[in-house]
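Report on the following structure.
It should be emphasised that the depicted structure is a prediction, and the values quoted were computed from it without experimental measurement.
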Amino acid sequence: FKNENIIFTHFSGRYTKPYIFMQMYKCLPDSVLGKIYLGIGNELLKLDNILNTPRIYFHGKDNLFGFLSNFYPATIIDDNGLIWPTVEHLYQASKYNDPERQVYIRNQKTPFKASFEGNKLHEYRRKDWDEVKTAIMDKCINFKFNQHEDLNRMLLRTGQIPLVENTSVDIFWGDGEDGTGRNMLGHLLMKLRQKIIDKIKLTYDHLINHHTKDRLADCSIHEEDGLY
């Protein structure tokens with residue numbers, strides 16, 4: 001502690017694991033976020049500056065915003081009650097109608113291996129995959145952020161900043177690294193973020209309206225009693 005600032009440092013080198021910081025970050029109250037400085041390489045960045053950059057880029061679970069990645073270690077439960085290690089596992093398994101193939105992918109030890117297995121055997125994929133894959137991805141990330149309150153909060157803390165999956169190997173889900181990709185994963189995450197915000201606003205408005213009606217009712221009673 002120094003000058004009321006909390007300093008986490010230092011993330012640098014080949015084997016940096018910034019998601020360790022994210023584990024600490026997601027447990028912190030909003031009141032201290034502006035007092036956090038993060039050392040990355042030779043840079044010392046204030047957290048609220050990081051969160052107010054023009055864009056948030058993510059790719060892989062070890063990125064500072066790796067919690068946005070499908071590879072992030074957050075188990076999810078599907079509509080059938082099955083537990084999946086990551087979003088990537090469920091998404092890749094959904095490419096196939098064969099239950100044995102789905103179980104095989106679900107049992108892969110890492111999301112990297114699940115991705116590898118899911119991208120094999122193209123001839124056995126469901127025929128309508130290109131038509132349904134966006135809706136399936138949307139459902140998968142909804143499972144993730146609706147079933148993990150901490151990740152939900154972290155998504156909300158990104159505010160209205162554009163979310164971009166920065167990768168050169170995917171021009172559909174990512175931005176193609178040079179911005180020519182469609183960034184569909186980023187768009188789905190932003191859509192989910194807005195849905196969460198709208199739900200909070202609706203709940204807040206309902207509470208305010210309910211409270212206002214109660215206050216007006218109390219005033220009416222006092223007026224009838226000659227107490228107003």
Return the minimal non-hydrogen interatomic distance between [X] and [Y], and the atom names on each side.
X: Leu192; Y: Ile141; value: CD2-O, 3.7 Å
X: Lys61; Y: Pro73; value: CD-CD, 3.9 Å
X: Ala114; Y: His89; value: CB-CD2, 3.6 Å
X: Gly118; Y: Ile105; value: CA-CD1, 4.0 Å

Members sharing Ile77's hydrophobic cluster (side chains within less than 4.5 Å):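 Joined to Ile77, directly or through intermediates: Ile83.
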
Return yes if some donor-acceptor pair links the side-chain N/O of [X] with the main-chain N/O of [Y] below 3.5 Å, else return no.
X: Asn183; Y: Glu165; value: yes
X: His148; Y: Thr75; value: yes
X: Asn152; Y: Asn146; value: no
X: Tyr72; Y: Val87; value: no

Candidate list Trp129, Trp84, Phe71, test ring-ring contact (aromatic ring centres under 6.0 Å, His included), partner Tyr91, passing option: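 Testing each of Trp129, Trp84, Phe71 against Tyr91, the sole residue satisfying ring-ring contact (aromatic ring centres under 6.0 Å, His included) is Trp129.
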
State yes or no: do [X] and [Y] share one hydrophobic cluster built from I, L, V, M, F, W and Y residues joined by side-chain heavy-atom distances below 4.5 Å, directly or via other members?
X: Phe116; Y: Val103; value: no
X: Tyr57; Y: Leu189; value: no
X: Trp173; Y: Phe58; value: yes
X: Leu151; Y: Ile76; value: yes
X: Ile171; Y: Leu188; value: no

Side chains of [X] and [Y]: does their closest heavy-atom pair fall under 4.5 Å?
X: Asp98; Y: Tyr124; value: no
X: Gln160; Y: Met190; value: no
X: Tyr96; Y: Arg126; value: no
X: Leu121; Y: Lys95; value: no
X: Glu117; Y: Arg101; value: yes
X: Leu68; Y: Ile56; value: yes
X: Thr167; Y: Glu177; value: no

Drop me the distance from [X]'s [atom1] to [Y]'s [atom2], to the nearest 0.5 angstrom.
X: Leu163; Y: Arg55; atom1: CG; atom2: CZ; result: 11.0 Å
X: Asp178; Y: Asn166; atom1: CG; atom2: CG; result: 9.5 Å
X: Asn80; Y: Gln102; atom1: CG; atom2: CD; result: 9.0 Å
X: Leu90; Y: Lys144; atom1: CG; atom2: NZ; result: 12.5 Å

Atom pairs and distances, donor-acceptor, side-chain atoms in residues 132-139, under 3.5 Å, two or more places apart:
{"from": "Asp138", "atom 1": "OD1", "to": "Asn142", "atom 2": "ND2", "distance (Å)": "3.3"}
{"from": "Asp138", "atom 1": "OD2", "to": "Lys191", "atom 2": "NZ", "distance (Å)": "3.2"}
{"from": "Lys139", "atom 1": "NZ", "to": "Asp79", "atom 2": "OD2", "distance (Å)": "2.9"}

Test log, rule side chain to side chain contact (heavy atoms under 4.5 Å, CB included), inputs Asp130 and Phe172: CA-CA 11 Å; Asp130 286 337; Phe172 182 78; over 6 Å; no

Residues that Arg193 engages under side chain to side chain donor-acceptor pair (under 3.5 Å), provided they are two or more places apart: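 Per chain and number, Arg193 pairs via side chain to side chain donor-acceptor pair (under 3.5 Å) with Thr158.
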
Test log, rule side chain to side chain contact (heavy atoms under 4.5 Å, CB included), inputs Asp170 and Leu185: CA-CA 10 Å; Asp170 197 328; Leu185 180 57; over 6 Å; no

